[in-house]
J.: 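Okay, here's the structure, questions in a sec.
Computed from a predicted model, the values in this text were never measured in an experiment. All residue numbers in this chain count up from 1 along the given sequence. Reckoned from all heavy atoms, side chains included, excluding hydrogens, waters and symmetry mates.
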Amino acid sequence: MKKRRRNGLSAVLLAAALMSALPPAGIRAEQALPDQRTPAQVEAARQLLDQGITQETVEKLGPRAELAAAVLHSRKLSRTELNKLVQGLARYPNTTGYYSDSSMINGVMELTSGELATSPGAPLERRMWARKQIDISLNAGLAALGPWEEFQEPIYLNDKAYFPVYRLMTMLGGDAQWNGTSKEVTLITPWKSRWKISTGSAEVRNEKRQVIGTLSGPALQVENQVLVPFDFWSAVMGFRSEWDSSRKSFLLVTEPLFSPGTSEGTSKGAAQAYVMPDLNVRLDSGYVRLTSMPLNYYAHIYYPLEVGAGLLDLTAEYDEQAKHLILKTSKKIGENHPQGMDVPPSPHLPSVSVDSIDSVQVTLDGVLQSDSNGRPRTLYPGLLMHRGKVFVAINQLAELTGHRLSYTALDSAKTLTLTKPPSRTILEKLAPGVSRNDVRRLLGNSPRVVYDAAHGTRSWEYRFVTDQFPLSPLYSDPAVPEANTAGAYKLAALEREALMSGKLALQLFVHHEPDSLNMSGYTLYRKLGDTIRETRVAPDGTVTERDLP
């Protein structure tokens with residue numbers, strides 16, 4: 001009995017000894033998780049703790065503690081400045097992943113680190129386009145093409161799109177008649193001319209059997225329909241046609257030649273303007289798809305008021321009684337103009353009657369435009385009136401809005417090029433509250449993430465080689481100096497030498513708040529004359545400018 005009691009006591013003493021040799025439960029948990037910090041991060045955390053920064057704040061900083069410690073020593077921060085920096089850095093999430101409410105822009109999505117990560121979504125989008133049906137647009141709207149019992153879908157042949165000639169002719173206010181014996185179609189235009197085309201032939205002839213146009217491919221008979229290649233309307237009728245094989249879309253523009261179901265008529269004015277169906281318009285970085293053909297009047301390019309103004313991001317209103325044109329700059333971002341195609345030369349140069357409206361004054365963003373003598377400026381040549389529509393010279397609007405304009409009048413490539421300096425676009429479009437996705441739409445998907453050492457804020461840095469489109473970002477030449485990095489983080493630094501030497505045209509910092517997907521302001525640097533101009537926009541929208549010493 002005594003022996004069993006001694007054995008039981010020994011077991012209890014042994015268990016107690018083992019328990020006393022083990023650390024408390026909390027300590028066991030800490031030791032079970034290895035320290036993931038680098039030696040530099042551990043040392044940085046110690047330095048911040050020595051400066052009186054709380055343990056909780058240092059833990060919130062995570063790897064950014066190394067950044068704060070580097071700034072502390074390189075810039076000799078006071079305790080107040082250090083607190084401001086640390087509190088600013090600690091507000092940003094210290095996790096790796098996608099912002100849940102950030103949308104994809106050109107196949108790129110934003111990470112919580114501020115960086116942008118390529119997404120596998122873009123190839124899927126291309127595959128989706130490959131399966132879509134052909135979109136057909138007539139002037140400003142989608143064309144209604146069926147289905148109906150004798151309708152034949154547009155088809156591909158040798159990478160060209162073929163369309164049912166009868167259906168499109170009737171949409172335009174004309175007609176088409178089929179002769180089964182001769183295998184020939186008689187085309188009746190809206191202005192009552194009669195042309196003929198035979199299946200298997202690419203030549204279109206008039207009533208005298210003279211060839212008036214040659215198509216890029218022969219007319220085809222498919223079941224009960226005759227189909228012609230997409231360039232039929234531009235090669236024969238003088239319209240503008242754009243076929244985009246990559247997006248399966250076809251655009252046919254007939255205005256301002258005529259409107260479906262109406263005749264040309266005679267304007268009360270005697271002036272004549274020439275229609276330019278083959279003018280290519282390049283805006284900033286690409287061709288623009290327009291729903292109206294331009295008019296050439298005394299070497300000025302005219303578009304309907306709403307088209308011309310919209311092209312340059314303006315809203316326009318014409319006061320006919322006061323003969324006053326009121327223009328306002330649009331602040332919207334992301335409403336990119338539809339991409340157009342390079343249109344080949346047209347053999348047609350028709351003319352239309354127009355009325356000239358002279359002595360028109362202009363107000364832009366509430367400011368009455370004046371000439372060099374301070375007198376109210378009037379448009380010369382003035383506005384045009386055609387079929388009840390007001391037309392405005394794009395040349396004059398481009399001058400008012402700060403666009404650069406060039407025009408190539410070669411028969412092989414009539415091209416109007418309009419470019420606005422990115423610096424002016426930035427000053428007009430960016431403002432506190434603009435979404436970061438809109439910033440990416442405006443400036444591209446390739447910013448560098450940097451941190452402002454003075455305020456502890458995170459920014460996107462854009463650098464541009466030239467102040468013109470297409471935007472040319474520059475990141476490695478000149479490289480960010482090593483003195484302005486700390487671990488994986490980069491500090492915002494003005495590249496004064498690169499700006500003054502001309503290697504760099506623009507340096508932009510778009511500031512972000514951590515609790516929002518909107519920008520909170522920006523700082524733009526550019527060389528003006530012999531100095532660098534700093535433009536700073538604060539979170540409240542206040543704009544300050546100064547020339548740096």
Side-chain angles (χ1 to χ4, degrees), residues 36-38 41 44 57-71 84-119 121 333-334 426 430-464 471 473-476 479-482 484-495 506-525 536-539:
Q36 300 292 329
R37 297 178 298 175
T38 65
Q41 292 169 357
T57 301
V58 172
E59 290 177 354
K60 284 184 179 179
L61 285 177
R64 286 188 294 272
E66 186 178 357
L67 174 62
V71 176
K84 186 176 182 181
L85 170 64
V86 168
Q87 294 302 323
L89 292 176
R91 293 185 303 158
Y92 292 93
N94 192 31
T95 57
T96 301
Y98 293 97
Y99 274 114
S100 60
D101 52 351
S102 179
S103 61
M104 187 183 299
I105 306 296
N106 295 330
V108 177
M109 202 167 185
E110 185 179 353
L111 298 172
T112 53
S113 64
E115 304 282 348
L116 299 178
T118 303
S119 166
I333 302 174
I426 290 168
L430 292 189
V434 170
S435 74
R436 299 208 288 259
N437 282 343
D438 277 345
V439 174
R440 290 154 58 191
R441 288 188 182 95
L442 187 69
L443 300 175
N445 264 341
S446 303
R448 179 197 295 271
V449 177
V450 297
Y451 286 84
D452 186 324
H455 303 93
T457 56
R458 190 166 68 193
S459 304
W460 278 347
E461 179 187 8
Y462 285 93
R463 304 177 178 191
F464 299 106
L471 294 173
L474 179 70
Y475 301 105
S476 59
V480 174
E482 290 300 321
N484 292 320
T485 63
Y489 301 98
K490 299 176 177 63
L491 296 176
L494 171 63
E495 296 293 345
L506 302 173
Q507 189 177 14
L508 172 69
F509 297 95
V510 181
H511 311 310
H512 298 161
E513 289 297 331
D515 53 354
S516 169
L517 285 175
N518 299 329
M519 60 175 285
S520 59
Y522 69 86
T523 307
L524 174 66
Y525 296 99
R536 185 179 293 271
V537 178

J.: Got Leu443 and Leu508 here, is their nearest side-chain heavy-atom distance under 4.5 Å?
T.: yes
J.: Looking at Glu495 and Gln507, would you say the former's side chain and the latter's main chain have a donor-acceptor pair under 3.5 Å?
T.: no
J.: Do Arg91 and Thr457 touch side chain to side chain, with heavy atoms closer than 4.5 Å?
T.: yes
J.: Looking at every heavy atom in both Ser516 and Arg436, which two are closest together, and how far apart are they?
T.: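 What the structure gives for the nearest pair is O-NH1, 2.8 Å.
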J.: Check the orientation of Trp460 and Tyr462. Use parallel for under 30°, tilted for 30 to 60°, and perpendicular for over 60°.
T.: perpendicular
J.: To the closest 0.5 Å, what do you measure between CG (Leu116) and CG (Asn445)?
T.: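 One finds 5.5 Å between CG of Leu116 and CG of Asn445.
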J.: Give the intermediate values and the outcome of side chain to side chain contact (heavy atoms under 4.5 Å, CB included) for residues Ile426 and Tyr522.
T.: CA-CA 10 Å; Ile426 290 168; Tyr522 69 86; 4.0 Å; yes
J.: Evaluate the criterion side chain to side chain contact (heavy atoms under 4.5 Å, CB included) for residue pair Tyr92 and Lys60; output intermediate values, then yes/no.
T.: CA-CA 9 Å; Tyr92 292 93; Lys60 284 184 179 179; over 6 Å; no
J.: Using 0.5 Å steps for rounding, measure from the NE2 atom of His511 to the OG1 atom of Thr523.
T.: 3.0 Å
J.: Do Val450 and Ser459 have side chains that approach each other closer than 4.5 Å (heavy atoms only, starting at C-beta)?
T.: yes
J.: Could you report the tightest heavy-atom contact between Pro432 and Ala538, atom names first, then the distance?
T.: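 Minimum heavy-atom contact is CG-O, 3.1 Å.
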J.: Before you tell me yes or no, could you show the steps for Leu430 and Val537 under side chain to side chain contact (heavy atoms under 4.5 Å, CB included), namely the whole-Å CA-CA distance, both residues' side-chain angles and the distance that decides it to 0.1 Å?
T.: CA-CA 9 Å; Leu430 292 189; Val537 178; over 6 Å; no
J.: With rounding to the nearest 0.5 Å, note down the distance linking CD in Glu461 to CZ in Arg448.
T.: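 Here the rounded value is 6.0 Å.
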J.: Does Arg458 reach the main-chain N or O of Ser113 with its side chain, forming a donor-acceptor pair under 3.5 Å?
T.: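 Side chain of Arg458 to backbone of Ser113, a donor-acceptor pair under 3.5 Å: yes, one is there.
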J.: Distance from Phe509 atom CZ to Arg463 atom CZ, nearest 0.5 Å?
T.: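 So the gap between those two atoms works out to 7.0 Å.
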J.: What are the two closest heavy atoms between Ala68 and Leu89, and how far apart are they?
T.: CB-CD1, 4.1 Å
J.: Taking all non-hydrogen atoms of both residues, which atom of Gly114 and which atom of Val449 are closest, and how far apart?
T.: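 Result for this residue pair: O-CG2, 3.1 Å.
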J.: What is the distance from atom CG of Leu61 to atom CG of Leu67, rounded to the nearest 0.5 Å?
T.: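 So the gap between those two atoms works out to 9.0 Å.
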J.: Distance check, rounded to the nearest 0.5 Å: Tyr489 atom OH versus Arg64 atom CZ?
T.: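 These two atoms lie 5.5 Å from each other.
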J.: List the atom of Gly433, the atom of Asn518, and the distance in Å for their closest heavy-atom pair.
T.: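 For Gly433 and Asn518, the tightest heavy-atom pair comes out as O-CG, 3.4 Å.
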